[in-house]
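Numbering of ligands and ligand atoms starts at 1, following listing order. Being a predicted model, the structure only gives us computed values, none of them experimental.
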Amino acid sequence: MTQSVAIIGAGLAGAVCARALADAGHAVTVFEKSGGTGGRLSTRRNEAGSFDHGAQYLTARGAPMRALLDELAEKGAAAPWVPEGKDRAGDWHVGLPGMSGLVKPLLDGIDVRLRTPVDAIGLDAQGHVRLTDAEGRDYRFGRVVVTAPAPQAMALTLPLDPVFEALDAIVYAPCWAGMFALDEPAADLPDVLRGDDDGPAALIVRNSSKPGRAGETFIVHGGGAWSARHLESEPDLIVPRLLGALEHGAARRLSPVHAVAHRWRYARVDRALGEDHLMSDCGRIIVCGDGLVGGRAEAAAHSGWAAAAAILDRQAPPCGGYTI
Ligand SMILES: Cc1cc2nc3c(=O)[nH]c(=O)nc-3n(C[C@H](O)[C@H](O)[C@H](O)COP(=O)(O)OP(=O)(O)OC[C@H]3O[C@@H](n4cnc5c(N)ncnc54)[C@H](O)[C@@H]3O)c2cc1C
């Protein structure tokens with residue numbers, strides 16, 4: 001029997017879940033609050049170039065992720081990346097033309113509603129899930145999968161079932177991300193340079209060294225501890241600190257033609273829940289995402305697949321109990 005499923009969030013967890021459910025013949029609608037898909041696999045484009053200001057590269061420890069990356073590569077949405085300064089084992093993969101390109105083939109043919117934040121979830125007397133968006137529009141579905149970072153997922157789901165209180169155990173580190181474009185090469189910098197978590201440059205990446213990117217562009221990720229200390233600072237105050245770290249790496253002053261900072265409040269998972277998904281007692285509300293499993297994109301994919309499997313294996317029982 002075809003189920004109607006709403007998915008909140010068009011990041012990797014939402015995209016793999018949506019694909020698995022759509023391939024099994026279910027009617028899937030994805031609600032995404034931002035103007036693009038990818039979530040923290042994100043790419044910002046402007047006249048200065050393209051900037052992957054979230055995840056830098058993906059790795060695959062397990063066979064499902066390896067198969068997904070192979071499939072995305074065949075579709076022209078992923079490619080290997082072997083940067084100068086590669087310092088960690090395993091194959092590194094990036095999205096094409098940017099990191100956000102990784103989810104595009106997964107969402108192909110699926111109804112994705114961009115700029116549609118879901119503000120509330122309810123359950124009506126007939127046992128349908130009711131979503132209300134920021135404009136006050138209501139939608140009805142058989143089930144909903146929430147993939148937002150845990151604090152946001154908890155705000156949406158805890159009023160409906162105490163099981164979602166478990167999300168409170170998930171801890172994220174924030175990250176300030178700097179995006180810089182130069183009009184001349186910074187030849188002394190390798191493509192990848194790591195610093196420490198307590199400083200403004202835990203990771204410096206020459207974004208333009210990834211396949212398909214042009215120009216001379218850099219991403220600077222502030223360390224988790226450093227970003228936490230400066231979380232509420234204005235971006236204008238953060239840019240010079242991140243630029244200073246880039247200049248330190250380049251061993252000279254730089255005059256970027258583009259310099260912007262983005263605050264990731266929930267960037268990397270410091271402590272995961274240790275369950276691949278959570279489901280309400282009535283089976284109609286499911287929460288998944290990297291926070292449940294671990295701090296990498298592969299964890300997000302694993303959780304998204306687990307949520308889809310739970311839906312495919314389990315027919316939702318009648319949902320009495322909650323009426324909003
Ligand atoms: C700076 C940074 C560096 C990273 N580096 C790496 C790396 O090198 N390698 C790696 O493997 N991983 C890395 N990660 C982690 C990786 O990006 C995440 O694990 C993964 O992308 C999380 O996917 P997700 O689908 O669980 O969540 P998300 O990508 O956060 O997706 C959730 C989506 O839900 C949307 N949303 C939230 N609330 C609502 C709402 N109410 N209504 C509608 N939509 C909503 C959000 O806009 C978002 O698009 C990094 C992350 C960051 C931020």
Side-chain angles (χ1 to χ4, degrees), residues 6-18 29-43 51-61 65 69 81 83 88 90 92-95 99-100 102-103 106-107 112-121 131-134 139 144-157 170 172-179 192 194 202-203 205 210 219-224 227 261-270 272 276-277 287-307:
I7 297 183
I8 299 179
L12 188 60
V16 301
C17 183
T29 307
V30 178
F31 293 86
E32 170 53 51
K33 72 176 175 185
S34 73
T37 56
R40 279 171 277 162
L41 303 181
S42 52
T43 307
F51 302 88
D52 301 320
H53 59 303
Q56 292 307 302
Y57 59 88
L58 270 53
T59 52
R61 294 182 190 167
M65 189 67 176
L69 289 169
W81 178 44
R88 304 226 165 134
W92 292 8
H93 304 262
V94 296
M99 291 303 281
S100 62
L102 290 161
V103 304
L106 294 167
L107 293 169
V112 180
R113 315 273 176 99
L114 296 176
R115 295 183 194 81
T116 313
V118 172
D119 274 3
I121 304 175
L131 304 188
T132 309
D133 72 17
Y139 310 82
V144 62
V145 180
V146 183
T147 74
Q152 298 163 350
M154 200 166 104
L156 288 170
T157 57
I170 298 171
Y172 296 83
C175 177
W176 272 108
M179 293 161 258
V192 173
R194 271 183 226 268
L203 179 65
V205 165
K210 297 176 188 173
I219 302 293
V220 180
H221 280 167
S227 297
H262 175 84
R263 178 196 293 115
W264 291 104
R265 204 168 279 281
Y266 308 112
R268 302 290 293 261
V269 177
D270 263 355
D276 54 20
H277 72 287
V287 173
C288 68
D290 63 348
L292 284 91
V293 175
R296 296 161 53 245
E298 185 174 12
H302 177 77
S303 186
W305 283 318

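An N or O contact shorter than 3.5 Å is missing between Tyr266 and ligand 1 by distance. Ligand 1 has no nitrogen or oxygen under 3.5 angstrom from a nitrogen or oxygen of Pro149. Close N/O approach between Tyr57 and ligand 1 is found [any backbone or side-chain N/O within under 3.5 Å]. Annotation: Ala13 places an N or O atom under 3.5 Å from an N or O atom of ligand 1; distance criterion only. For ligand 1, one of its N or O atoms has an N or O atom of Lys33 under 3.5 Å away. Among the atoms of Glu298, none of the N or O lies under 3.5 angstrom from an N or O of ligand 1. Between Leu12 and ligand 1, at least one pair of N/O atoms sits closer than 3.5 Å.
Ligand 1 is never approached by Ala177 to a heavy-atom distance shorter than 4.0 Å.
Checking side-chain atoms of Thr147 against main-chain N and O of Ile8 turns up a donor-acceptor pair under 3.5 Å. The backbone N or O of Gly38 lies less than 3.5 Å from no partner atom in the side chain of Ser42, so there is not a single donor-acceptor pair. In this structure, Thr43 contributes its side chain and Met99 its backbone to a donor-acceptor pair below 3.5 Å. Side-chain atoms of Ser303 do not come within 3.5 Å of backbone N or O of Ala301 as any donor-acceptor pair.
Selection from Val103, Ile8, Asp119, Leu131 by nearest heavy atom to atom 39 (C) of ligand 1 gives Ile8. Here the shortest heavy-atom distance to atom 8 (O) of ligand 1, taken over Gln56, His221, His53, Arg296, belongs to Gln56. For atom 21 (O) of ligand 1, the candidate residues are Met65, Arg40, His262; the nearest heavy-atom contact is made by Arg40. Of the candidates Asp290, Leu114, Thr116, Asp290 brings a heavy atom nearest to atom 18 (C) of ligand 1.
Trp81 and Trp92 have tilted rings, their planes meeting at an angle from 30° to 60° on a 0 to 90° scale.
Summary of contacts: the protein heavy atom closest to atom 31 (O) of ligand 1 is Gly11 CA, 3.6 Å. Protein heavy atom in closest approach to atom 14 (N) of ligand 1: Arg268 CD, 3.5 Å. In terms of protein heavy atoms, atom 37 (C) of ligand 1 is closest to Ala148 CB, 3.4 Å. When only non-hydrogen protein atoms are considered, atom 42 (N) of ligand 1 lies nearest to Val118 N, 2.9 Å. Counting only heavy atoms of the protein, atom 47 (O) of ligand 1 lies nearest to Glu32 OE2, 2.6 Å.
One distance of note links CG of Leu69 with CG of Leu102; it measures 7.0 Å at 0.5 Å rounding. In this structure, Leu41 CG and Ser100 OG are separated by 8.5 Å, a value rounded to the nearest 0.5 Å. Put simply, CZ on Arg296 and OH on Tyr57 are 9.0 Å apart, with the number rounded to the nearest 0.5 Å. Atoms CZ and OG, from Arg268 and Ser227 in turn, are 12.0 Å apart once rounded to the nearest 0.5 Å.
Residue-level proximity to ligand 1 for Gln152 is carried by the side chain, the only part with a heavy atom below 4.0 angstrom. By the criterion of a heavy-atom distance under 4.0 Å, the backbone of Phe31, and not its side chain, is placed next to ligand 1. The proximity of Ala297 to ligand 1, defined as any non-hydrogen pair under 4.0 Å, involves the side chain as well as the backbone.
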Working note: Asp290 + Arg40, criterion salt bridge (Lys or Arg N to Asp or Glu O under 4.0 Å); need CA distance, chi angles, decisive distance, verdict. CA-CA 11 Å; Asp290 63 348; Arg40 279 171 277 162; 2.8 Å; yes

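Looking at Lys210, Arg194, His221 one by one, the single match for side-chain contact (heavy atoms from CB on, under 4.5 Å) with Val205 turns out to be Lys210.
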